[in-house]
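Here's the structure we're looking at; comments come further down.
Throughout, residue positions are numbered sequentially from 1 according to the sequence presented.
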Amino acid sequence: MKVRSVITKAAALLMTAVIAVGACGCQGKVPEDNTSEISVNPGDILAEMTIQIGEETGKIRFKLFPDVAPKGVDNFVKLAENGYYDGKTIHRVIEDFMIQGGSLRGDGAGGTTANKVDVPRETNDRMRAYYGALGYAESSMGINSQFFIVNNNNPFDIAKTAENIKSDLEEYADRLTEEDKKYYEEYLASLNAVSDDVKQKYLTKGGSFAIDGNYTIFGQCIEGFEFIDKISEVEVSSGNELDDKQGIDSKPTVSITIKKIAIARIPYIDETTTTTKKKPSRPTQSVTTTTSQAENDPVSETESEEESVPESLPESEQSDTSDTAE
């Protein structure tokens, strides 16, 4: 029925896909989230991914948000600075949803945290899964090194969607089961709770609203959107177990390699002495890394138990070995 057609695609995607840098001398508070207008300011932490698709190499630059995801940013920065991501692959590509990489073996299995400790989920009403958002994949064992990048740039009209669902709920109220009715009412409530600036950003930038609040979003692309699109356009086939179960092809048929993730910290400048001052270390360089048993999927590819989640999420795979995570 119509009401299902409005919601099911987003919900399905959520379940299965279970993601020149310059210093600005501007004064004022650095934006704390990716809903506000994003600028690069002194004290900011940036990440530059150099990725190779076949014979072509490109760069994607992100601003990280330690104020809203301090443990997530710290983990990512330490892994990057220790070279963990060098040579790892992008193993999962789902058009109009997300691309995922950073698994230990390059197949969605295995991963690690920087300090041998669990990294908690860190969500924020202002950190949203907009086009170009950088987040952590998760499995039932939590977060490790696997990340996803939202690649959906199709406008999403939250207000119109809410209006349609409300209308359909009224029209089909006598035909819905109590379970379905509750599901749609809760989804409608989540749409209605969104602030106007979030609605506007989804309408103009696109994104994957269905995963908001369910994953840690810790960064936002500021340069290289065209290369995100290029990755999203590669040919894919079956081969990622979780997505295969949903009938979704997501394994790239061409090699997509993370050559390097470089971290840059924009220095503070003392205007009276023109002396560069380092900000007290936020994420510092790491210790040793160890392998976690979780597999990341902004969605994981192999979860032994089925979960009532949208089809594709950013998740990690899990196994009995210490190096499994999708």
Side-chain angles (χ1 to χ4, degrees), residues 19-23 40 44-66 69 72-93 98-115 119 132-137 143-151 216-234 252 254-267 278 281-292 296 298 314 316 323 325-326:
I19 103 170
V21 178
V40 176
D44 282 349
I45 303 173
L46 308 181
E48 179 183 82
M49 291 186 189
T50 301
I51 298 176
Q52 184 171 344
I53 308 174
E55 300 300 317
E56 182 178 1
T57 299
K59 296 180 184 295
I60 308 172
R61 296 186 177 98
F62 299 87
K63 176 173 176 173
L64 307 184
F65 294 86
V73 169
D74 182 70
N75 182 61
F76 185 81
V77 167
K78 287 177 177 178
L79 288 170
E81 292 185 328
N82 285 340
Y84 168 82
Y85 290 111
D86 300 358
K88 298 295 189 294
T89 65
I90 299 295
H91 67 275
R92 198 170 182 218
V93 176
M98 58 96 224
I99 62 180
Q100 183 176 333
S103 68
L104 183 65
R105 298 195 296 266
D107 59 358
T112 184
T113 59
N115 291 333
V119 177
L134 174 66
Y136 277 116
I143 290 168
N144 54 44
S145 56
Q146 293 195 43
F147 63 84
F148 66 91
I149 303 168
V150 176
N151 64 3
T216 299
I217 303 296
F218 64 95
Q220 177 65 45
C221 177
I222 57 174
E223 235 181 286
F225 285 98
E226 68 286 348
F227 207 70
I228 291 177
D229 295 342
K230 190 173 290 289
I231 295 172
S232 304
E233 293 166 359
V234 301
V254 61
S255 174
I256 307 177
T257 305
I258 303 166
K259 305 297 289 183
K260 181 77 176 176
I261 298 182
I263 302 298
R265 296 171 178 80
I266 305 304
K278 284 189 177 178
S281 61
R282 282 191 193 163
T284 56
Q285 201 134 21
S286 160
V287 246
T288 56
T289 59
T290 57
T291 301
S292 159
N296 289 314
S316 303
D323 58 357
E326 209 173 321

Are the side chains of [X] and [Y] in touch, meaning some heavy atoms are under 4.5 Å apart?
| X | Y | answer |
| --- | --- | --- |
| Phe227 | Thr57 | no |
| Leu134 | Met49 | yes |
| Asn151 | Ile231 | no |
| Ile256 | Ile51 | yes |
| Ile228 | Cys221 | yes |
| Leu79 | Ile261 | no |

Please name the pair of heavy atoms, one in [X] and one in [Y], separated by the smallest distance, quoted to 0.1 Å.
| X | Y | value |
| --- | --- | --- |
| Ala109 | Ser103 | O-CB, 3.6 Å |
| Ala133 | Ile217 | CB-CG2, 3.9 Å |
| Arg92 | Pro252 | N-CD, 4.1 Å |
| Glu55 | Gln52 | CA-NE2, 4.0 Å |

Residues in ring pair (Phe, Tyr, Trp, His ring centres under 6.0 Å) with Phe62, at least two apart? none

Euclidean distance, [Y] [atom2] relative to [X] [atom1], rounded to 0.5 Å:
| X | Y | atom1 | atom2 | answer |
| --- | --- | --- | --- | --- |
| Thr216 | Asn75 | OG1 | CG | 10.5 Å |
| Ile99 | Lys230 | CD1 | NZ | 13.0 Å |
| Phe218 | Asp74 | CZ | CG | 11.5 Å |
| Ser232 | Met98 | OG | CE | 10.0 Å |
| Phe225 | Ile60 | CZ | CD1 | 9.5 Å |
| Arg61 | Ile222 | CZ | CD1 | 8.0 Å |

Determine whether a donor-acceptor pair (N or O, by modelled atom type, separation under 3.5 Å) exists between the side chain of Tyr136 and the backbone of Phe76. yes

For Gly111, does its backbone N or O pair with a side-chain atom of Tyr84 as donor and acceptor, under 3.5 Å?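 Here the side-chain-to-backbone pair does not exist.
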
Test side chain to side chain contact (heavy atoms under 4.5 Å, CB included) on Glu223 and Val40; report intermediate values, then the result. CA-CA 11 Å; Glu223 235 181 286; Val40 176; over 6 Å; no

Would Thr50 and Lys59 satisfy side chain to side chain contact (heavy atoms under 4.5 Å, CB included), going step by step from the backbone distance to the final call? CA-CA 5 Å; Thr50 301; Lys59 296 180 184 295; 3.0 Å; yes

Partners passing side chain to side chain donor-acceptor pair (under 3.5 Å) against Ser255 (at least two apart in sequence or in another chain):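 Only Thr257 meet the side chain to side chain donor-acceptor pair (under 3.5 Å) criterion with Ser255.
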
With sequence neighbours excluded, what pairs up with Thr89 under the side chain to side chain donor-acceptor pair (under 3.5 Å) test?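 Residues passing side chain to side chain donor-acceptor pair (under 3.5 Å) with Thr89: none at all.
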
